[in-house]
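Shown next, in structure tokens, is the structure this report addresses.
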Amino acid sequence: MLGVLSAVDAMLRPLGAGTGGIEVMFFLLVLAGRVFGAGFGFVLGCTSMFASAILTAGIGPWLPYQMLGASWVALGAGLLPWRRGLRWPAELSLLCGYTAFASLAYGFVLNMSFWPFSTTGDPGISPVPGALLATNLAHFVAFSLATSLGWDLGRVITNVALVLAVGRPVMTALRRASRRAAFEARGEFVD
């Protein structure tokens with residue numbers, strides 16, 4: 001299941017190609033993380049991003065940060081509160097809210113991977129060595145708003161729309177697959 005979902009998610013990434021922030025791979029990470037759990041989601045985020053980097057020739061110093069960010073997105077979906085008998089509208093609201101939050105947080109975390117080393121020339125958004133934490137944090141937030149908020153909002157809109165459009169049938173299929181693939185040991189191990 002991990003291999004199939006990693007391959008499907010890797011094939012989804014080039015569809016948006018990051019144009020205007022449209023990245024369609026995150027909705028599947030959220031849905032699969034929700035169905036299969038946090039550990040599975042973490043590994044799925046990592047393998048999906050790595051496989052898509054191989055497909056798109058996107059291997060570079062940014063890849064480990066992207067892999068970790070995508071892993072956190074799926075891990076968080078697996079850690080969402082779970083209640084037996086949760087109706088679909090309530091679960092849909094939960095998933096849409098989480099998808100919006102995770103899509104913004106992903107951009108914010110990836111900005112942190114290079115912002116300390118950036119020199120923008122604008123003293124209002126550049127890191128200030130030796131300054132107070134509050135000053136640098138304010139500069140980082142200003143940097144994120146000025147440089148990547150448009151891309152991050154594109155990711156939010158795209159993935160929330162996909163969760164709304166195909167979330168229910170995809171989760172139904174994933175839950176069915178998880179029930180059918182449930183393996184358990186019977187008896188003792190015999191040589």
Side-chain angles (χ1 to χ4, degrees), residues 1-80 95-96 98-120 125 140 143-167 169-171 173-174 177-178 181:
M1 187 58 67
L2 178 65
V4 169
L5 287 174
S6 295
V8 168
D9 213 20
M11 293 303 293
L12 286 174
R13 189 169 185 210
L15 295 178
T19 306
I22 297 171
E23 295 180 29
V24 297
M25 75 179 292
F26 289 94
F27 89 96
L28 187 59
L29 292 176
V30 169
L31 298 178
R34 175 72 175 167
V35 171
F36 293 110
F40 182 92
F42 186 85
V43 176
L44 177 64
C46 188
T47 56
S48 295
M49 192 59 76
F50 183 72
S52 71
I54 290 172
L55 288 175
T56 61
I59 298 174
W62 54 84
L63 181 59
Y65 299 106
Q66 290 177 331
M67 290 169 60
L68 191 57
S71 295
W72 285 348
V73 167
L75 174 113
L79 293 175
L80 289 173
L95 289 174
C96 286
Y98 175 74
T99 301
F101 167 77
S103 296
L104 284 174
Y106 176 81
F108 196 74
V109 167
L110 284 200
N111 285 347
M112 184 54 84
S113 70
F114 67 88
W115 175 76
F117 312 107
S118 67
T119 54
T120 61
I125 63 175
F140 175 67
F143 174 83
S144 294
L145 293 174
T147 60
S148 69
L149 184 62
W151 292 88
D152 296 342
L153 288 177
R155 186 182 310 110
V156 168
I157 292 166
T158 303
N159 287 290
V160 168
L162 284 168
V163 167
L164 285 170
V166 299
V170 168
M171 285 186 66
L174 292 176
S178 76

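Basis for what follows: all heavy atoms, side chains included, without hydrogens, waters or symmetry-related copies.
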Any side-chain to backbone donor/acceptor pair from W72 onto A102? Under 3.5 Å, distance only. no
Between S113 (side chain only) and L110 (backbone N and O only), is there a donor and an acceptor less than 3.5 Å apart? yes
Minimum heavy-atom separation for [X] and [Y], please, with both atom names.
| X | Y | result |
| --- | --- | --- |
| G41 | A74 | O-CB, 2.9 Å |
| S6 | S48 | CA-OG, 3.5 Å |
| G60 | P64 | O-CD, 3.8 Å |
| V35 | M171 | CG2-CE, 4.0 Å |
| S178 | F36 | CB-CE2, 3.3 Å |
| L28 | L5 | CD2-O, 4.2 Å |

Supply the atom-to-atom distance [X] [atom1] to [Y] [atom2], rounded to the nearest 0.5 angstrom.
| X | Y | atom1 | atom2 | result |
| --- | --- | --- | --- | --- |
| N159 | I22 | CG | CD1 | 10.5 Å |
| L31 | L174 | CG | CG | 7.0 Å |
| S71 | F50 | OG | CZ | 12.5 Å |
| M49 | I54 | CE | CD1 | 13.0 Å |
| N111 | T147 | CG | OG1 | 5.0 Å |
| W151 | R155 | CH2 | CZ | 10.0 Å |

Apply the test side chain to side chain contact (heavy atoms under 4.5 Å, CB included) to residues T99 and F27: give CA-CA distance (whole Å), side-chain angles for both, the deciding distance (0.1 Å), then the verdict. CA-CA 7 Å; T99 301; F27 89 96; 5.6 Å; no
Within a strict 4.5 Å, meaning less than it, do heavy atoms of the R13 and L55 side chains meet? no
So L75 and L79, do their side chains get closer than 4.5 Å, heavy atoms only? yes
Would you call the rings of F114 and F143 parallel, tilted or perpendicular, taking 30° and 60° as the class edges? perpendicular
Partner of C96 by side chain to side chain contact (heavy atoms under 4.5 Å, CB included), out of V156, V160, V30: V160
Take atom CZ in F140; do more than 12 heavy atoms of anything else shown fall under 6.0 Å from it? yes
Mark yes when over 12 heavy atoms from residues, nucleotides or ligands other than F40 sit less than 6.0 Å from its CZ; otherwise mark no. yes
Let me see the working for Q66 and Y106 under side chain to side chain contact (heavy atoms under 4.5 Å, CB included), right down to the final yes or no. CA-CA 8 Å; Q66 290 177 331; Y106 176 81; 3.5 Å; yes
Assess the residue pair L68 and V109 against the criterion (side chain to side chain contact (heavy atoms under 4.5 Å, CB included)); give the C-alpha distance rounded to whole Å, side-chain angles, the decisive distance to 0.1 Å, and a yes or no. CA-CA 10 Å; L68 191 57; V109 167; over 6 Å; no
Could you walk me through whether T158 and E23 pass side chain to side chain contact (heavy atoms under 4.5 Å, CB included), step by step? CA-CA 7 Å; T158 303; E23 295 180 29; over 6 Å; no
